[in-house]
Chemist: 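Please see the structure below; I have some questions.
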Amino acid sequence: MTTDSFAEQLLAWYDQHGRHNLPWHNNRTAYRVWVSEIMLQQTQVATVVPYYQAFMERFPNVEALAEAPVDDVLSYWSGLGYYARARNLQTAAQTVVEDFGGLFPETQEELEGLKGIGRSTAAAIIAQAFGKRAAILDGNVKRVLARYHAVPGWPGQTRVLNQLWEHAEAHTPDTRVRDYTQGIMDLGAMVCTRSRPACTDCPLQTGCKAYAREEIHLYPGSRPKKAKPEKTTWMLILEDKEGRVLLERRPPSGIWGGLWSLPEIDPAYGAEELQAACEHNLGLDCTEPELIRGFRHTFSHYHLHIQPARLSVAGEHTLRDNGQHKWLHRHEALSLGLPAPIRALLATPDQAILL
DNA sequence: TATGCGTGGGT
DNA sequence: TACCCAAGCAT
């Protein structure tokens, strides 16, 4: 495929207006590009930058990441969300060290074989790190292409997604792939934005079908609306005599998988049953619970009402430990990989409301 | 193939 | 306030 005018216009714009100094643009090793691409999945650049800097300082190369305790990796990911990315990142690092001698593979197929790397991320690594031709399709590119070609429908649908991939492949040039892939993402982030796009500044305006029809706002199609279910849960703040709090490691899958958090109790238990639940589930002898002001946390697919309850643990505790618990002072707990709302809860002084 | 997975920003 | 969505992938 020769460079069509789409790519030429885009590259000319990128040279003048694109972002050329993001942290992962310096010293573009496959490792550094890869970490940035994983962090940037569903996550905005401004959010990623400080995490990226700290992460690269602690895990400067793939070997350091491969051999680190998983708790270290998760603690550096704490607050970024989508924690499976962090677990997959370390798994993939171990694969690169053990199966590829510490060097990243350079083919689409081999890269996609690594945990957490899909079609678009593999392509981004190939283009950014190796300078070889590969088409990417992230949220920015989807928006640009959906508008440019007036592709109807929601990109979450496979049929729509496939059309966008075809356009992405068709426009990707043979030369300057690195700049092109960065450029089309920059255009989506800076000009072809979701709301109020700056079409007057757009290098692709003349060929843009949605612009010609004055229908920019129709593309890309929006996700079908769905009511978010409301869920509720108990979170226990169990304190011993020294003022330490009981932390519990969450199961490896599901929400906040693998993170340390507060012990969670099934909402089917009433407040008056929490004391018994502590004895039954954890083997702890507790005082009656004090309810702390609850709060609602919104996820992509549901709302979760988190109802904290504080209980004091009496005397010598005989915790039924399976390696998934630890007693820590609050300031120690905050250095763990905690879910954001739990971190906020522990950082705030309890405002107890007696039953 | 449709859904689950986090958090913060924009409107 | 409440909703939408963002440098997607795994299952």
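Letters A, B, ... are given to chains in the order of the sequence lines, protein chains preceding strands, and every chain is numbered from 1. Bear in mind that the values here come from a model prediction, so they are computed numbers and not experimental data.
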Chemist: Would A:Gln41 and A:Thr121 count as having a side-chain donor-acceptor pair, cut-off 3.5 Å?
Modeler: yes
Chemist: With a cut-off of less than 4.0 Å, is there a side-chain N or O of A:Arg143 near OP1 or OP2 of C:dA6?
Modeler: yes
Chemist: Using whole Å, what does the distance between atom P of nucleotide C:dC4 and atom NE2 of A:His217 come to?
Modeler: 17 Å
Chemist: Hey, does A:Trp24 reach any base, or is it just sugar-phosphate, or nothing, if we go heavy atoms under 4.0 Å?
Modeler: base
Chemist: Assess whether a salt bridge exists between A:Glu332 and A:Arg244, defined as any Lys/Arg side-chain N lying under 4.0 Å from an Asp/Glu carboxylate O.
Modeler: no
Chemist: Are A:Lys226 and B:dT3 close enough that a side-chain N or O sits under 4.0 Å from OP1 or OP2?
Modeler: yes
Chemist: Using the P atom as the reference point in each nucleotide, state the distance between C:dT1 and B:dG6 in Å, no decimals.
Modeler: 25 Å
Chemist: Check whether the ring centres of A:His305 and A:Phe295 lie less than 6.0 Å apart, and answer yes or no.
Modeler: no
Chemist: Only one of A:Phe104, A:Tyr52, A:Phe55, A:Phe130 forms a ring-ring contact (aromatic ring centres under 6.0 Å, His included) with A:Trp34, so which one is it?
Modeler: A:Phe104
Chemist: Between B:dC5, C:dG8, C:dA10, which nucleotide has the shortest distance from any of its atoms to the side chain of A:Gln42?
Modeler: C:dG8
Chemist: Cut-off 3.5 Å, side chains only: do A:Arg343 and A:Ser78 have a donor facing an acceptor?
Modeler: yes
Chemist: In whole angstroms, how far is the P atom of B:dG6 from the CG atom of A:Asn88?
Modeler: 11 Å
Chemist: For A:Glu109, does the CD atom sit with more than 12 other heavy atoms under 6.0 Å from it, leaving out its own atoms?
Modeler: no
Chemist: Closest to the A:Arg223 side chain: C:dC5, B:dT1, B:dT7?
Modeler: C:dC5
Chemist: Using the 3.5 Å cut-off, write out each protein N or O paired with an N or O of nucleotides 8-11 of chain B and the distance between them.
Modeler:
{"residue": "B:dT11", "atom": "OP1", "partner": "A:Ser195", "partner atom": "OG", "Å": "3.3"}

Chemist: Round to the nearest Å and state the distance from A:Ile38 atom CD1 to C:dA6 atom P.
Modeler: 18 Å
Chemist: Within a 6.0 Å radius of atom NZ on A:Lys132, are there more than 12 heavy atoms belonging to other residues, nucleotides or ligands?
Modeler: yes
Chemist: What is the distance, to the nearest angstrom, from the CZ atom on A:Arg159 to the C1' atom on B:dA2?
Modeler: 17 Å
Chemist: Kindly state which residues belonging to residues 104-126 of chain A come within less than 4.0 angstrom of DNA chain C, counting heavy atoms of the residue only, listed by number.
Modeler: A:Leu114, A:Lys115, A:Gly116, A:Ile117, A:Gly118, A:Arg119, A:Ser120, A:Thr121
Chemist: Rounded to the nearest angstrom, tell me the gap between atom CD in A:Glu37 and atom C1' in C:dG8.
Modeler: 11 Å
Chemist: Which whole-number value in Å describes the distance from A:Phe299 CZ to C:dC4 C1'?
Modeler: 17 Å
Chemist: Does a side-chain N or O of A:Trp256 approach OP1 or OP2 of B:dT7 to a distance below 4.0 Å, or not?
Modeler: yes
Chemist: Take A:His25 and A:Lys228, find for each the nucleotide of DNA chain C with the closest heavy atom, and name the residue whose nucleotide sits nearer the 5' end.
Modeler: A:Lys228
Chemist: Show which residues join A:Val177 in its hydrophobic cluster (side-chain heavy-atom contacts under 4.5 Å, direct or indirect), or state none.
Modeler: none
Chemist: For A:Gly188, which contact category applies under a 4.0 Å heavy-atom criterion: base, sugar-phosphate, or nothing?
Modeler: nothing
Chemist: For A:Lys225 and C:dC4, is the shortest distance between a side-chain N/O and OP1 or OP2 below 4.0 Å?
Modeler: yes
Chemist: With a 6.0 Å cut-off (strictly less than), is the heavy-atom count around NE2 of A:His280, excluding the residue itself, greater than 12?
Modeler: no
Chemist: When you check the gap from the basic side-chain N to the acidic O, do A:Glu264 and A:Arg250 get nearer than 4.0 Å?
Modeler: yes
Chemist: Just the rounded figure in Å: distance from C1' of B:dG6 to CZ of A:Arg85.
Modeler: 8 Å
Chemist: In terms of side-chain heavy atoms of A:His301, which of C:dA2, C:dC5, B:dC5 is nearest?
Modeler: B:dC5
Chemist: When we call it a touch if two heavy atoms are under 4.0 Å apart, what does A:Gln182 touch: a base, just sugar-phosphate, or nothing?
Modeler: base
Chemist: So that I know where these two stand, are A:Trp256 and A:Phe299 an aromatic pair - ring centroids less than 6.0 Å apart?
Modeler: yes
Chemist: Rounded to whole Å, how long is the line connecting atom CG of A:Leu89 with atom P of C:dG8?
Modeler: 16 Å
Chemist: Should A:Tyr82 be listed as having a side-chain N or O under 4.0 Å from OP1 or OP2 of B:dG4?
Modeler: no
